[in-house]
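Lettering of chains follows the sequences in order, A, B, ..., and the numbering in each one begins at 1. Bear in mind that the values here come from a model prediction, so they are computed numbers and not experimental data.
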Amino acid sequence: MRPYLLKGHERPLTQLRFNREGDLLLSCAKDKSPTLWFSEDGKRVGTYMGHNGTVWTADFTLDSTRLITGSADSSARLWDTETGESLFTFQFQEPCRAVDFALGDDMAAISSDPFMAAPARIHIVRIEEDITDQDATPVRQMESDKSGRVSRVQFTDLNKTLLTASEDGCLRRWDVEVGKMIEEKQVHEKQVQDMQLSLDGTHVVTASTDRTSKLVDVQTLETLKNYNTERPANSAAISPIYDHILIGGGQEASQVTTTSSRAGRFESRFFHKIFGEEFGTVRGHFGPINAVAFHPDGRSFTTGGEDGYVRLHHFDADYFSTRFLN
Amino acid sequence: MTAAVAMRPDGSFEGQPRGFPFDDFEFEDVMLPEGDDMGIASEDDEVAEEELETETGFGSVIVTDNLPEVGPEKYDKLKGLLNKIYGQVGSVREGGMNMPRNEETSTSKGFAFIEFHNPQEAMAARDSTNGYKLDKNHTLAVNLFDDIDRYLKIPDEYQSPEQKAYVPQEHLHAWLMDKRGRDQFAIRFGDETEVYWNDAARSQSEQVYKRSFWTESFVQWSGQGSYLATVHRQGVAIWGGQSWPRITRFSHPGVRLIEFSPCEQYLITYSSIEPSNPREKAKVLLNVFDTKTGKKLRAFDNSVDEFAIGTAAGPGGALRWPVFKWAGGPKDTFFARLGKNSISIYECPDMGLLDKRSLKLDAVQDFAWSPAEPIMCAYQAEQSGGNLPARISLVRVPDRTELRQKNLFSVSDVRMYWHPQGDYLAIKVDRYTKTRKSTFTSFELFSVKERDIPMEVLELPSKTEKVVDFAWEPKGSRFAVLYGDGPRPALAIYDMKNTTSKGVNCVIHQPNKQANCLHWSPQGKFLVLGGLKALNGQLEFFNAEDGEVMNAAEHFMCTDIEWDPTGRYVATSVTVVHQMENGFNVWLFNGQLLYRMPRERFFQFSWRPRPPTLLEPGQEEDIVKNLKKYSQKYEQEDQALLAQTDVDLLAERQRMMDEWKAWVVSKKDWVMQNQDGIAAILGDALNEGDYTVNEVEVEETLGVNEEVIRAT
């Protein structure tokens, strides 16, 4: 089916998030305003004004009433999803790269980049039901001095453990209660750009500029599957209904001008999660794809590119009828 | 090397050694003792250390013997003479000349040590002055200092070398006995060199052997595929057999290029020595080795000017490879190179100049051997301003009979194309137009196998257009020409058989081809038209029998096209000249893509050649005639194989699926716990169920505008 082209950003996309029900889609880009869309028809709901730099990341609460965003203006903001009002600002000294709400939405993890002498830090903040009680001081801070930028954070194991992916290609597990690292594993050779959790929470898919995407066991950090993408992978998602992996990427943005778009492979690519075989590609972006996300019902997906467009695809009927032989 | 020394205004410096010659010394003469910088810090310590090392080696020192023993009065004169002699050959290192004296009589001892700036110069000095007649009684005997050590080590009594026990060699042709008749290829990418089977029936490749850092520059198959040569700083090594042991080594320091003889009996290696003095020419060293024994049979060592002649000269006086061209035929018999106004032909196996004289041909520019027999075609350029015409001659070796010759007028350039079976010879002639401002192209076609070697002249339909590519059909009588000035040249295929009075018979003519090169299948009949470089890798798989394009495809940015030796498959590759898409594709002859292998930093793809068939021509024809009968059996085999492949694939998928399921089961407890935990944390929020859609109608007044509508 023809995709919806959502033109709301003037700069490259950074992350895309559906809310739990899947009726809303939030897009973050290198311009200052994250944008909310209806996922069914691609109608724009509104933007969140307040940040003063690239918005790297965002997350919805379970009930979709609130949003948290992390920006290069060294702040993370809490928003009222419906009104677009900025409820609270967590001010840091360094750019914020990744955010994640904990299960139950009473905590959030915010990662900040290494900057000047400061190492990369992961801040755990408490989120109060009543916004007037909200405190900016993190309840815990974890320093990750070797890792470089922490590109994704993810609560797992009933908020006991925090999983992080970072620039040095390692995945790390942290004990949230104690604030100490439990385990680290070199999963990729180059920086990990994205990490998304599976529906059952047992595994994550990672995307890295080392031209691979990997399926990793959340508990052991053991690599279960390897998907070779031939091009830097910027984002990867797991289908909630099938054993499918969606990977977006393409030739580095800095090299795009020296190549034709054909050579860049600016495609959304589908791999079979278990067999590791590529079985389909969807073209359309003019530059590398920076963000991909599956709709929670698995019937549509969205991609955001360096070209500033968000594309919203609904699968054709034969996607649901075709099966892999085994 | 000079060290920065703080000079006083009068030219002396602190800590000056006593007795230092204050007058008449060159600043460069100041040499500091080794390992002592006299407290003067060098600006670049690392460089200084490297250079110190070369200074202490004796590689660049020669020993000159048989000098006259002179008294102190003539000592300096003799030294001056030696300086003069050796100053012409190379650059003697400052203070590098030492002529020891007898301490009692203070006459010289009759020998001298002379140090040059580098070993190459020392070697050159030895070669040019050894045997130099100083006067009637003194003939110089010159050796490298390092050699003297070696000569002294040779025992006076002869000791017979130990007989090595015979070690059976692995079967060099084992790969030809593959049950399914597959071919091999070698690829090089990153630091890896790998050899694969082309398992085309299953659309995949199967690794045979791999090795990291196998070669330092490239690998090359020998002409019949028995050996794979790797090139190293020290020389060349060849490998073969089933487990790929090293078979022989050929020592040639700094080797750059190699060439096997067609029957792989000999190997020619090449290196050049850049001169230290920019006025001098580079030196070239070519070694001829016996492939089987590894013995060096002959060395050609000369200035590059001796070799870079005519078409062998590249831009800027560089040398075009190959320097030596091998005569064709069932055995390696002759090889030849261009000389000034001559062609030097060397004979195997003794490597001597044939009949001890070169073949004299004035102003010879280029030559080419027939691939089938020792016949060479030579091209002599026009001389004395066009009064003496250009000349093409066919000469048989070793008797030097001129079989055929042809004079050509107002020629600008000539290219020679032998038919791969040696049946025909095409000469592409570029002639000046009358105004001499532009050129036009025509072909002179010789039927070499026929009596008196008849010739046809072929002019392309549009004379002025340039020829992009030309190629003979191997095992056939046709040839294909790609010509045209625009980006879409025309393809024409001609047949040398059925030549009519009108000339050569044009069988196919198709305009508008997106191509700039032609690649015939080694079996003939099919060809691939490639649009490389600016055309981004367009491929057209063409059937020359009925002029049909079987398939048009694209291998984006493709740089190389190579048919496998059996003519069944084509490999197209993108090498490291492009940053991206590196790797290769293998296609069926009709343009069906079989498989792709992307590899980062891809350098080289080369099919392993096969030796010529052992079948008689008649037997080959029989097989073609009864192809149906034979193919039935193989088709069955292929089908069984494919079925097996499908089964294997499904089994593999099943295995992966089982593995995955087992993993999922192993996580079951955790997932259950997790879900209970989630339920505990979220409580009611989890069970809120689906969202409800409330339709809200909103009316908005965009504006009110009143207009008076007048009835007409």
In this structure, are over 12 heavy atoms from other groups packed under 6.0 Å from [X] atom [atom1]?
X        : atom1 : value
A/Glu129 : CD    : no
A/Glu82  : CD    : no
A/Arg299 : CZ    : no
A/Glu189 : CD    : no
A/Phe279 : CZ    : yes

Do the side chains of B/Trp660 and A/Leu215 get nearer than 4.5 Å, heavy atoms only? yes
Is any side-chain heavy atom of B/Glu581 closer than 4.5 Å to a side-chain heavy atom of A/Arg231? yes
State the [atom1]-[atom2] distance between [X] and [Y], to the nearest 0.5 angstrom.
X        : Y        : atom1 : atom2 : value
B/Lys668 : A/Thr202 : NZ    : OG1   : 13.0 Å
A/Phe275 : B/Gln654 : CZ    : CD    : 7.5 Å
A/Asp105 : B/Leu682 : CG    : CG    : 8.0 Å

Please name the pair of heavy atoms, one in [X] and one in [Y], separated by the smallest distance, quoted to 0.1 Å.
X        : Y        : answer
B/Met657 : A/Asp243 : CE-OD2, 4.3 Å
A/Leu158 : B/Gln673 : CD1-O, 4.3 Å
B/Asn674 : A/Asp200 : ND2-O, 4.3 Å

Under 4.5 Å from any heavy atom of chain B - which part of A/Asn228: neither
What verdict does the side-chain contact (heavy atoms from CB on, under 4.5 Å) test give for B/Met656 and A/His272, after you've listed the backbone C-alpha separation in whole Å, the side-chain angles of each residue and the deciding distance to 0.1 Å? CA-CA 11 Å; B/Met656 283 198 273; A/His272 193 278; over 6 Å; no
Applying salt bridge (charged side-chain N to carboxylate O under 4.0 Å, His left out) to B/Glu600 and not counting sequence neighbours gives A/Arg211
Going through the distances and angles, do B/Arg599 and A/Glu230 end up as a salt bridge (Lys or Arg N to Asp or Glu O under 4.0 Å)? CA-CA 9 Å; B/Arg599 288 284 182 276; A/Glu230 297 169 32; over 6 Å; no
For A/Gln219, enumerate each residue passing the side chain to side chain contact (heavy atoms under 4.5 Å, CB included) test, keeping only those at least two apart in sequence or located in another chain. A/Asp217, B/Lys667, B/Trp670
